[in-house]
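Comments concern the structure below.
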Amino acid sequence: MNVQIVWEQYKTVQDSFPNLVLTFEGNKYFIRGELHFIAQFMEVPTEEAFLIELELPITYPHSLPIVRELEERIPDGFHKFIDGTLCLGAPLAMKITFSNDPTLLGFINKLIIPYLYSFSYYKRNNREFPYGELSHNAKGLLEYYMELFQVCSLDKVLHILYHLSIKKIRGHLPCPCGNDLRTRNCHGTMLLGLYEHQDTFEFKKDFTYCLQYIKGELN
Ligand SMILES: [Zn+2]
Ligand SMILES: [Zn+2]
């Protein structure tokens, strides 16, 4: 981890969110404190505040921070992992969003606040999601990939993920989406672009996870 990058990025966080404090504990950096923001509910701006913690992995900014909400206001049924950390979105979606503004402030503004906003909205408006609901875990991942690849079946998602996981995206071969087109005239450019955000190992992980989920569904 580049310590200087962390401190420089933290300074801009502090300008926007003075209650967030950077600390170094047990070999890791944490940013902790009250995150204040204004959200619009039914055209009415409302102030929201959550006590949160960001844990920066040693590989930051290559890996993204892990986020916790410290007052247990967000129930387990909402997007949370078993260890209590927040599920801010499908991993690839998060990486793509983060790559547009790869800073701690960008991470807070583009990933944490939309998540918290979405939760507040969900609580206030009879549990309707402002941006449409995305299911959790494997199901959510599959839905995300279906939309990203613009395909309509789980088989096709799996097939494309498999090809991504073995890095077999070749322009002259038939496209893994199952169209009769060559890859270069179909998903080629789009799929190759994804390697900027995620490597074969991570696609393999997503593929295995989705496959296990689908097998479980069939049982
Ligand atoms: Zn989730
Ligand atoms: Zn295709």
Side-chain angles (χ1 to χ4, degrees), residues 50 52-55 63-69 72-98 107-108 110-123 127-195 197-198 200 202-203 205-210 212-214 216-217:
F50 287 86
I52 58 153
E53 174 189 273
L54 281 78
E55 176 184 331
S63 318
L64 302 184
I66 295 159
V67 185
R68 298 181 182 87
E69 183 266 312
E72 293 184 29
R73 285 164 60 192
I74 299 174
D76 292 340
F78 199 70
H79 286 260
K80 264 168 110 176
F81 294 109
I82 300 165
D83 65 2
T85 60
L86 306 183
C87 167
L88 303 177
L92 179 60
M94 289 174 66
K95 282 178 201 149
I96 291 173
T97 302
F98 183 70
F107 185 82
I108 292 170
K110 303 281 166 53
L111 288 159
I112 300 182
I113 289 179
Y115 172 94
L116 295 173
Y117 172 74
S118 174
F119 171 71
S120 301
Y121 191 98
Y122 164 87
K123 274 201 77 175
R127 321 205 147 197
E128 267 183 49
F129 284 88
Y131 312 122
E133 184 168 9
L134 188 67
S135 321
H136 196 53
N137 295 339
K139 187 159 177 272
L141 200 58
L142 276 165
E143 286 170 3
Y144 168 71
Y145 277 123
M146 241 190 223
E147 202 180 315
L148 183 72
F149 299 152
Q150 293 286 303
V151 294
C152 54
S153 79
L154 298 180
D155 274 8
K156 288 183 175 183
V157 170
L158 279 183
H159 201 65
I160 296 173
L161 276 179
Y162 176 69
H163 278 252
L164 283 166
S165 76
I166 58 170
K167 208 158 192 179
K168 200 175 168 192
I169 309 293
R170 306 265 159 75
H172 62 287
L173 295 178
C175 190
C177 74
N179 273 347
D180 284 333
L181 296 169
R182 286 173 186 231
T183 303
R184 74 163 68 94
N185 298 323
C186 193
H187 281 80
T189 312
M190 184 263 180
L191 294 179
L192 288 171
L194 297 179
Y195 286 123
H197 305 286
Q198 191 156 284
T200 52
E202 290 165 302
F203 280 118
K205 220 169 64 183
D206 286 353
F207 167 74
T208 310
Y209 190 43
C210 289
Q212 280 169 346
Y213 171 77
I214 290 172
E217 284 277 281

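Whatever order the structure lists them in is the order used to number ligands and atoms, beginning at 1. All heavy atoms count here, side chains included; hydrogens, waters and symmetry mates do not.
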Verify, without hydrogens or angle tests, whether Tyr115 (side chain) and His79 (backbone) share a donor-acceptor contact under 3.5 angstrom.
yes
Thr85 side chain to Asp83 side chain, donor-acceptor N/O pair below 3.5 angstrom:
yes
Need the atom name: nearest N/O/S atom of His79 to the Zn ion (ligand 1).
ND1
Nearest 0.5 Å, please: how far is SG in Cys177 from NE2 in His159?
9.0 Å
Using a 6.0 Å cut-off, check whether atom CZ of Arg182 has over 12 heavy atoms from anything other than its own residue.
no
Restricting His187 to its N/O/S atoms, the closest one to the Zn ion (ligand 2) is ND1
When you draw lines from the Zn ion (ligand 2) to SG of Cys186 and to SG of Cys177, what angle lies between them, to the nearest 10°?
110°
